[in-house]
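Index from 1, following the sequence. For the numbers below, each heavy atom of this structure counts, side chains included, while hydrogens, waters and symmetry mates do not.
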Amino acid sequence: MAKDSYLVGLIGSGIGPSLSPALHEREAVRQGLRYAYRLIDIDTLAVPPEAVGDLLRAARDQGFDGLNITHPCKQLVIAHLDALTPQAEALGAVNTVVLDERGRATGHNTDVTGFAASFALGLPDAPLERIVQLGAGGAGAAVAHAALTLGAGRITVVDALPERAAALAAQLNRHFGEGRADGAGPDRLPALLARADGLVHATPTGMAAHPGLPLPAHLLRPGLWVAEVVYRPLETELLRTARALGCATLDGGGMAVFQAADAFRLFTGREPGTARMLADITELAGAVGAPK
């Protein structure tokens with residue numbers, strides 16, 4: 001008999017403003033489920049990101065059915081899992097952990113499908129020949145995979161740690177074919193953006209806990225589309241600045257909804273109503289997903 005009661009949570013830093021609890025719990029109510037979604041904030045607990053293994057074990061002991069994982073724990077959690085899906089293994093990042101009745105922890109990544117679905121909905125006609133992406137962390141790996149899956153010709157990953165950008169580019173080239181990705185440091189941003197079709201932002205900058213712009217504003221220009229991963233707030237300083245210049249923009253709300261829907265399906269085995277969840281985030285945090 002299918003369960004009708006679930007306990008899930010989110011592990012990460014600065015997650016107080018997260019809309020994940022509301023997105024999951026609203027959909028659960030519509031499906032007649034008892035569903036509690038807890039925030040496990042490493043800042044509130046005053047523990048380092050490396051404590052994710054201890055937090056996972058505690059969740060298992062407390063009977064959790066699953067966990068979402070966010071910055072800065074998406075890669076660190078892998079060492080503490082029993083199994084990975086092929087996609088999560090290829091990415092080297094996990095944002096969803098399913099705990100079965102035996103306590104076995106399996107890592108998934110729903111960020112790839114979440115970003116791809118949001119981009120297809122919000123920027124369906126965007127040119128994809130040359131893309132610059134800021135950020136080579138867990139979210140960055142996912143959205144780079146999604147962009148190349150959507151048909152991007154070439155993506156250059158820029159990170160404050162050039163070696164991390166190079167490592168992600170090498171991983172992408174192994175998966176998608178040589179010449180599809182490159183890694184770079186921030187010093188190359190001016191030249192890269194001058195000839196790029198679009199910019200994908202995949203760092204924490206712009207989140208409620210990390211306000212600000214992730215790059216100098218003068219590097220943005222009309223004709224460049226800008227896609228954001230941050231969704232709280234929906235209108236980050238990057239999107240506000242880009243929109244004022246006439247750029248087509250995509251906020252992070254659609255990705256948040258589609259990845260949450262995939263996680264809900266993994267946790268419960270039930271089909272979520274994504275249209276209802278998009279309406280939820282519109283109500284919770286403003287208009288989502290449409291190019292401006």
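The heavy-atom pair separating Asp182 from Ala169 by the smallest distance is C-CB, 3.4 Å. Here the closest non-hydrogen pair linking Ala88 and Val94 is CB-CG2, 4.0 Å. Contact record, Phe258 with Gly114: CB-CA, 3.6 Å, taken as the closest heavy-atom pair. Minimum heavy-atom separation, Leu245 to Pro222: O-CG, 3.2 Å. The two residues His145 and Ala90 come nearest to each other via the heavy atoms NE2-O, 4.2 Å. Here the closest heavy-atom approach between residue Asn109 and residue Ala142 is recorded as OD1-CB, 3.9 Å.
Of the inter-residue distances, the one linking Leu284 atom CG with Leu19 atom CG reads 5.5 Å to the nearest 0.5 angstrom. The OG1 atom of Thr156 sits 12.0 Å away from the CZ atom of Arg180 when rounded to the nearest 0.5 Å. The CG atom of Leu123 sits 7.0 Å away from atom CH2 of Trp225, with the distance rounded to the nearest 0.5 Å. Here His80 contributes atom NE2 and Ile69 contributes atom CD1; the two are 10.5 Å apart, rounded to the nearest 0.5 Å. The structure places CD of Gln133 at 9.5 Å from NE2 of His201, a figure rounded to the nearest 0.5 Å. Taking NE2 of His175 as the reference point, atom CG of Leu91 lies at 8.0 Å (rounded to 0.5 Å).
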Could you go through Asn95 and Thr70, starting from their C-alpha distance and side-chain angles, then the distance that decides it, and tell me whether this counts as side chain to side chain contact (heavy atoms under 4.5 Å, CB included)?
CA-CA 6 Å; Asn95 78 327; Thr70 192; over 6 Å; no
In sequence, state the C-alpha distance, the side-chain angles, and the governing distance for Thr149 and Phe115, and then conclude on side chain to side chain contact (heavy atoms under 4.5 Å, CB included).
CA-CA 11 Å; Thr149 299; Phe115 183 81; over 6 Å; no
Test Leu99 against Phe64 for side chain to side chain contact (heavy atoms under 4.5 Å, CB included), laying out the working first.
CA-CA 7 Å; Leu99 298 167; Phe64 276 66; 4.0 Å; yes
Before you tell me yes or no, could you show the steps for Asp159 and Thr203 under side chain to side chain contact (heavy atoms under 4.5 Å, CB included), namely the whole-Å CA-CA distance, both residues' side-chain angles and the distance that decides it to 0.1 Å?
CA-CA 9 Å; Asp159 197 89; Thr203 85; 5.8 Å; no
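At a cut-off of 3.5 Å, with distance as the only test, a side-chain donor of Ser13 or Asp43 sits close to an acceptor on the other residue. Using modelled atom types and a 3.5 Å distance limit, the side chains of Thr106 and Asp100 yield no donor-acceptor pair. If you check the side chains of Thr110 and His108, you find no donor sitting under 3.5 Å from an acceptor. Of the N and O atoms on the side chains of Tyr231 and Ser18, at least one donor lies less than 3.5 Å from an acceptor on the other residue.
A salt bridge between Arg265 and Glu27 is absent, with no side-chain N of the basic residue lying under 4.0 Å from a carboxylate O of the acidic one. Salt bridge status for Asp82 with Arg60: present, with a side-chain N to carboxylate O gap under 4.0 Å. Ion pairing of Arg26 with Asp280 is present here, as a side-chain N (NZ or NE/NH1/NH2) and a carboxylate O approach within less than 4.0 Å.
For the pair Leu238/Leu215, a side-chain contact is recorded, criterion being any heavy-atom separation below 4.5 Å from C-beta on. Using a 4.5 Å cut-off on side-chain heavy atoms (C-beta onward), Gln171 and Leu168 make contact. Between Ile131 and Val200 there is a side-chain heavy-atom pair separated by less than 4.5 Å. Glu235 has its side chain within reach of Arg243: a pair of non-hydrogen atoms, C-beta onward, lies under 4.5 Å apart. Side-chain contact between Leu250 and Val226: absent, with no pair of heavy atoms (C-beta onward) separated by less than 4.5 Å. Between Thr96 and Phe264 the shortest side-chain heavy-atom distance does not fall below 4.5 Å. At least one side-chain heavy atom of Tyr35 sits under 4.5 Å from a side-chain heavy atom of Val8. When side chains are defined from C-beta on, Leu128 does not count as touching Asp197, because their heavy atoms never get closer than 4.5 Å.
Of the candidates Thr113, Val112, Asp111, Asp262 forms a side-chain contact (heavy atoms from CB on, under 4.5 Å) with just one, namely Thr113.
Tracing side-chain contacts under 4.5 Å through hydrophobic residues (I, L, V, M, F, W, Y), one never reaches Leu234 starting from Leu213; they form parts of separate clusters. In the hydrophobic clustering of ILVMFWY residues, with side-chain heavy atoms under 4.5 Å counting as a link, Val77 and Ile40 come out together. In terms of hydrophobic clustering, with Ile, Leu, Val, Met, Phe, Trp and Tyr side chains grouped at heavy-atom distances under 4.5 Å, Leu23 and Leu10 are assigned to different clusters. Residues Leu39 and Leu56 are members of separate hydrophobic clusters, defined by side-chain heavy-atom contacts under 4.5 angstrom among Ile, Leu, Val, Met, Phe, Trp and Tyr. Under the 4.5 Å side-chain heavy-atom criterion for Ile, Leu, Val, Met, Phe, Trp and Tyr, Val29 and Leu33 are members of distinct hydrophobic clusters.
Between His24 and Tyr6, the ring centre distance reaches or exceeds 6.0 Å.
Under a 3.5 Å cut-off, the side chain of Glu228 and the backbone N or O of Val230 do form a donor-acceptor pair. Using a distance-only test at 3.5 Å, with no hydrogens or angles considered, no donor-acceptor pair links the side chain of Arg34 to the main chain of Leu7. Looking only at distances, no side-chain donor or acceptor of Glu25 sits under 3.5 Å from a matching main-chain atom of Ser20.
No more than 12 heavy-atom neighbours from other residues, nucleotides or ligands sit within 6.0 angstrom of CZ on Arg130.
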